[in-house]
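Take a look at the structure below.
When reading the values below, keep in mind they use all heavy atoms of this one structure, side chains included, and skip hydrogens, waters and symmetry mates.
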Amino acid sequence: MRAHRIMERVQEEQRRWYGVKEPRQVLAVTPTYSRAFQALHLTGLLHSLRNVPYPLTWIVVEAGGTTNATASMLARSGLTFVHIPFPDRMPHDWADRHATENRMRLHALRVIRERKMDGVVVFTDDSNVHSMELFDEVQKVQWMGAVSVGILAHTGTADQLRLSEEDKQNMPLPVQGPACNSSGHLIGWHTFNSLPFSGKTATVVGEAAPVLPRGLEWAGFVLNSRMLWKEADGKPDWVKDLDAVGENGEEIENPLTLLNDPSSVEPLGNCGKKVLLWWLRVEARADSKFPEGWVIEPPLEVVVPAKRTPWPETTTELPAELLDDKQEQEDRRLSRANKSSRPRGTTKRKGDPQGQDN
């Protein structure tokens, strides 16, 4: 603990001397909903956010309305937070869930504008994994920036991911991010190629198959909250009025919809060369049984008595090859044991003729 405190102090001094002189508040936007893995995901995210070395407000939008379980977790987090209800329930289809989450994020942006919250908006999905370097990097953004996101899509069983050799050879980097020229200017986007996974992905939440991103994920973008305000000093004309976004019910795919000129996005993370967070979608299987609220009631039943080993006996027969290997290991062990048990040479003792030098 003493070494940890020394390292923490050194990092604070490094940030004071070489870091951002006037850090802006981080506005972390998280869409969520009540489900088996919600507590798991939110717990991991809140511990990441607690380590952010900048002022931070956690904006949590909950589908189907706010729940006591989520409110209790946020209250215990020690973070400044805003808990926002969203009227629509989260659908079970992955495509519909994706569209609903987009509307939830847009709803959060409208709340930021209404309350005139000032800071850098980061889209922190509850199941994603974030590096601390991400929160240092977002402090550099002027209006809207983009970072590279690692796509962790290889979930499911081996049978469901049998790719052809040609697909394996043509498998691109599982990364979404800005692509730059030699001068460091944005010239396009690197997106995740989902073609090799065609017909092998999950369509319903809880299905045991890979879940893939759809287009450009919001997690790869950060923005200055002032671009959402009605009026802000220096607000560029290539930013749309938030009232005009989604007003006719059209789907909002990603934050580029907020811009008239997407080429104005600022590439961050050494022009996209650094992956600063990882996109992951892992949910409980539909046939899984987890205790409601992760509270075990009634108490657990005894499976193994306390005086026995915690590993239950198995009646599964091992294959012949494994039995042969196991026998060889046992023979070697006995051989070593026999060697170590043999009497060693006698030691020299005073007065013992056999122990005296000639």
Side-chain touch R97/E283, heavy atoms, less than 4.5 angstrom: yes
Point-to-point distance, once rounded to the nearest 0.5 Å, from CG of N102 to CG of N254: 8.0 Å
Hydrophobic cluster membership, V82 vs W229, 4.5 Å side-chain cutoff: no
Flag, side chain of T257 to backbone of I252, donor-acceptor distance under 3.5 Å: no
Apart from V295 itself, residues in the same hydrophobic cluster as defined by side-chain heavy atoms under 4.5 Å: none
Approximate separation, where rounding is to 0.5 Å, of L228 CG and K116 NZ: 12.5 Å
Spatial distance of atom CG (L109) from atom CG (L223) [nearest 0.5 Å]: 6.5 Å
Audit row: Y33, R89, side chain to side chain donor-acceptor pair (under 3.5 Å) steps and yes/no: CA-CA 8 Å; Y33 70 104; R89 298 184 66 85; over 6 Å; no
Check: L49 and F135 side chains under 4.5 Å, non-hydrogen atoms: yes
Whether W218 and F123 hold their rings parallel, tilted or perpendicular, with breakpoints at 30° and 60°: perpendicular
Pair listing, side-chain hydrogen bond (donor to acceptor under 3.5 Å, both in side chains) test, anchored in residues 142-152, at least two apart: none
Inter-residue atom distance L280.CG - S127.OG, 0.5 Å rounding: 5.5 Å
Close side-chain approach of V149 to V175, heavy-atom, < 4.5 Å: no
Spatial distance of atom CZ (R9) from atom NE2 (H4) [nearest 0.5 Å]: 14.0 Å
For V29, the option from V60, V122, I112 that meets side chain to side chain contact (heavy atoms under 4.5 Å, CB included): I112
Set of residues satisfying side chain to side chain contact (heavy atoms under 4.5 Å, CB included) with respect to A71, sequence neighbours excluded: H83
Close side-chain approach of R24 and N224, heavy atoms under 4.5 Å: yes
salt_bridge(R110, E114) N-O dist < 4.0 Å: no
Main-chain N/O of E217 paired to Q176 side chain as donor or acceptor, under 3.5 Å: yes
Donor-acceptor pair, side chain of D126 and main chain of H41, under 3.5 angstrom: no
Ion pair check, R226 and D118, cut-off under 4.0 Å: yes
Within one Ile-Leu-Val-Met-Phe-Trp-Tyr cluster: I187 and L259, side-chain cutoff 4.5 Å: no
Side-chain heavy atoms of S131 within contact of W278, under 4.5 Å: yes
K235 bridged to D241 by N-O distance under 4.0 Å: no
R35, E62, E101 screened by side chain to side chain contact (heavy atoms under 4.5 Å, CB included) with M90, the one that passes: E101
Chi angles and distances behind the side chain to side chain donor-acceptor pair (under 3.5 Å) call for S263, D261: CA-CA 5 Å; S263 64; D261 181 12; 2.5 Å; yes
Residues in side chain to side chain donor-acceptor pair (under 3.5 Å) contact with R113, at least two apart in sequence or another chain: D243
Value rounded to 0.5 Å, distance of OG1 in T32 from CE in M104: 7.0 Å
Side chain to side chain contact (heavy atoms under 4.5 Å, CB included) between L106 and L242, worked out: CA-CA 9 Å; L106 186 61; L242 193 59; 3.9 Å; yes
Test log, rule side chain to side chain contact (heavy atoms under 4.5 Å, CB included), inputs M144 and M227: CA-CA 8 Å; M144 180 179 286; M227 66 176 282; 3.9 Å; yes
Side chain to side chain contact (heavy atoms under 4.5 Å, CB included) assessment of T70 paired with Q38: CA-CA 9 Å; T70 304; Q38 184 190 30; 3.1 Å; yes
Shortest non-hydrogen separation from A219 to N128 and the atoms involved: CB-ND2, 3.6 Å
Check: N181 side chain, S183 main-chain N or O, donor-acceptor pair, under 3.5 Å: yes
Chi angles and distances behind the side chain to side chain contact (heavy atoms under 4.5 Å, CB included) call for L268, V222: CA-CA 10 Å; L268 303 175; V222 299; 3.8 Å; yes
Show me, pair by pair, the donor-acceptor contacts under 3.5 angstrom made by side chains of residues 52-59, not counting sequence neighbours?
unit_1: Y54; atom_1: OH; unit_2: D136; atom_2: OD1; d: 2.6
unit_1: T57; atom_1: OG1; unit_2: Q25; atom_2: OE1; d: 2.4
unit_1: W58; atom_1: NE1; unit_2: T30; atom_2: OG1; d: 2.9

Atom of G272, atom of P178 and distance for their closest heavy-atom approach: CA-CG, 3.9 Å
Side chain to side chain donor-acceptor pair (under 3.5 Å) assessment of T100 paired with R103: CA-CA 5 Å; T100 301; R103 293 195 298 271; 3.2 Å; yes
Pair listing, salt bridge (charged side-chain N to carboxylate O under 4.0 Å, His left out) test, anchored in residues 269-280, at least two apart: E133-K274
D96 side chain to H92 backbone, donor-acceptor under 3.5 Å: no
Test item: K240 and N260 side chains (from C-beta on) under 4.5 Å apart, heavy atoms: yes
same_hphob_cluster(L152, L40) at 4.5 Å side-chain heavy-atom cutoff: no
